[in-house]
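All remarks here apply to the structure that follows.
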2 protein chains.
Amino acid sequence: MSFKKETFQRRETAILDAATYLFGSKGYDLMTMNDVANAVGIAKPSLYKHFKSKEDLAAAALSRLIDQALAFLQTLPEDMDAYAKLKSLLTWGLQIRIDGGMPFLPSTNAPMREMLMRNQYYISRILQLNALILGFIQTAKQQKMLNSELPDEVILFNYYARSCDPTLDYLRLYSQLSPKEILNHLEKISFSGVCYVKN
Amino acid sequence: MSFKKETFQRRETAILDAATYLFGSKGYDLMTMNDVANAVGIAKPSLYKHFKSKEDLAAAALSRLIDQALAFLQTLPEDMDAYAKLKSLLTWGLQIRIDGGMPFLPSTNAPMREMLMRNQYYISRILQLNALILGFIQTAKQQKMLNSELPDEVILFNYYARSCDPTLDYLRLYSQLSPKEILNHLEKISFSGVCYVKN
DNA sequence: GTCTATAAGGAGATAGAC
DNA sequence: GTCTATCTCCTTATAGAC
């Protein structure tokens, strides 16, 4: 009984892992349910015992990622300042992508976005994350670590966009830089830009 | 004779316009040849008299965009400094997207990228643009307008990524900011980041 | 060159045996 | 719950009349 349940859970995790990887590499449209089934090593109809549709599966994979981000924030020390927390979370997200994972918001195109906005669980998670990040942004502004002339929303959406920046993919493909170097450069320009800085 | 030829050309332009718009809004995978044909008001088989495949059509639309970027650079005054040229081109690209156009490199996913890399004309155009931008970057570094500690490639790919930054879409959808304000904020953070700047 | 009609293949989703 | 086999729909691409 309990063993069967656990097997079911482990399979669901495997499905989400596969979907996350395929989602990250091929994108939602090109990721087929056959791909997922083959990657896990099960038949396609079995997928539908876990997720009632492809949309559901994608939303579940993204929701899990956000849950992991929220869990990561929990592990940061209480006394860490807001700006450092923002930097840490970005590093965490970029590291996941370097390791072949999925970007935070692959929803560049409208249909994908609409699909996600129909999923209540996903919305509740993303709103929770938004609230936390907005809090950090406001605190960091007060501490003169972020530019107060920029609206909160601009910094928020820019922050999400940095975590799924295609610059990372291009550098990995077409430059000789090591993953570590890429990570360092991206962190740096995400906050400070590319302009010359006086010493 | 010449009239017929002109009609053909005008139709081809209309096809590229429609493809560009659909490509920008729905993305390559979800844009169907039916969509394009309906948008232009012609039958689907007629499309194939102009472009032998969907891949060809997409590559042609992107190539045209790059040609327009190259043409834009030609219009800039000779004595404009490199940094200002970089800023101008970015503004140009962002303005196109604000007007509902297509991002520069929608090729976040691997299959799309591979498709483009098989198209010789596209490659020749993008290489030409790359060379120009890299030249500007090197000059701007020498003039202490860009951070010399960053490799050229990092600045180059980051530059392309900024022109297709999803932050623009999110701000347009979920903020109250006007297009003009969005444009200004994006230009600013693209070069200078979000950090606090001393006066 | 443009259309109507259709081919060929692959997608998401499901019926029913085990 | 899992599989094999299948349904239905929609895609890209083309054949052939005009």
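In what follows, every chain begins at residue 1, and chains take the letters A, B, ... in the order their sequences are listed. All values below come from the heavy atoms of this structure, side chains included, with hydrogens, waters and symmetry mates left out.
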Side-chain N or O of R11(B) versus OP1/OP2 of dT2(C): is the shortest distance under 4.0 Å?
yes

Return the nearest nucleotide to the side chain of S53(B); candidates are dG1(C), dA13(D), dT2(D).
dA13(D)

Evaluate the ring planes of F157(B) and Y170(A), with Trp represented by its six-membered ring, and classify them as parallel (under 30°), tilted (30 to 60°) or perpendicular (over 60°).
parallel

Would you mind telling me which residue lines up with the more 5' stretch of DNA chain C, M33(A) or K49(A), judged by nearest nucleotide?
M33(A)

When the distance from CG of L30(B) to C1' of dT12(D) is rounded to whole Å, what number comes out?
15 Å

OP1 or OP2 of dT2(C) less than 4.0 angstrom from a side-chain nitrogen or oxygen of H50(B), does that happen here?
yes

Take the protein atom CG of L47(A) and the nucleotide atom P of dA13(C), then report the distance between them rounded to whole Å.
10 Å

Rounded off to whole Å, could you give me the NZ-to-P distance for the K44(B) and dT12(D) pair?
7 Å

Minimum-distance nucleotide to A43(B) side chain [options: dT2(D), dC3(C), dT12(D)]
dC3(C)

Provide, to the nearest angstrom, the distance between the CZ atom belonging to F51(A) and the P atom belonging to dT14(C).
16 Å

Go through dA13(C), dA5(C), dT4(D) for me and flag the one nearest to the P45(B) side chain.
dA5(C)

Hey, what's the ring geometry for F191(B) with Y83(B), parallel, tilted or perpendicular (30° and 60° as the breaks)?
perpendicular

Distance in angstrom units between N34(B) CG and dC10(D) P, rounded:
11 Å

Grab the NZ-P distance between K5(B) and dT2(C) for me, whole Å please.
15 Å

Hey, is D165(A) close enough to R162(B) for a salt bridge, meaning N to O under 4.0 Å?
yes

For F136(B), does the six-membered ring have the charged nitrogen or CZ of K87(B) within the cation-pi criterion, i.e. under 6.0 angstrom from the centroid and within 45° of the normal?
no

Derivation and outcome, side-chain contact (heavy atoms from CB on, under 4.5 Å), residues L90(A) and L86(A):
CA-CA 6 Å; L90(A) 180 62; L86(A) 286 174; over 6 Å; no

Length of the NZ-C1' vector between K54(A) and dT14(C), whole Å
17 Å

Can you figure out which of dG12(C), dG1(C), dG1(D) approaches the side chain of T32(A) most closely?
dG12(C)

Separation of dC10(D) P from K26(B) NZ (nearest whole Å)
13 Å

Can you find a side chain N or O atom of S46(B) that sits less than 4.0 Å from OP1 or OP2 on dC3(C)?
yes

Consider the side chain of Y48(B), meaning its heavy atoms from C-beta on, and name the nucleotide among dT11(D), dT4(C), dA13(D) that approaches it most closely.
dA13(D)

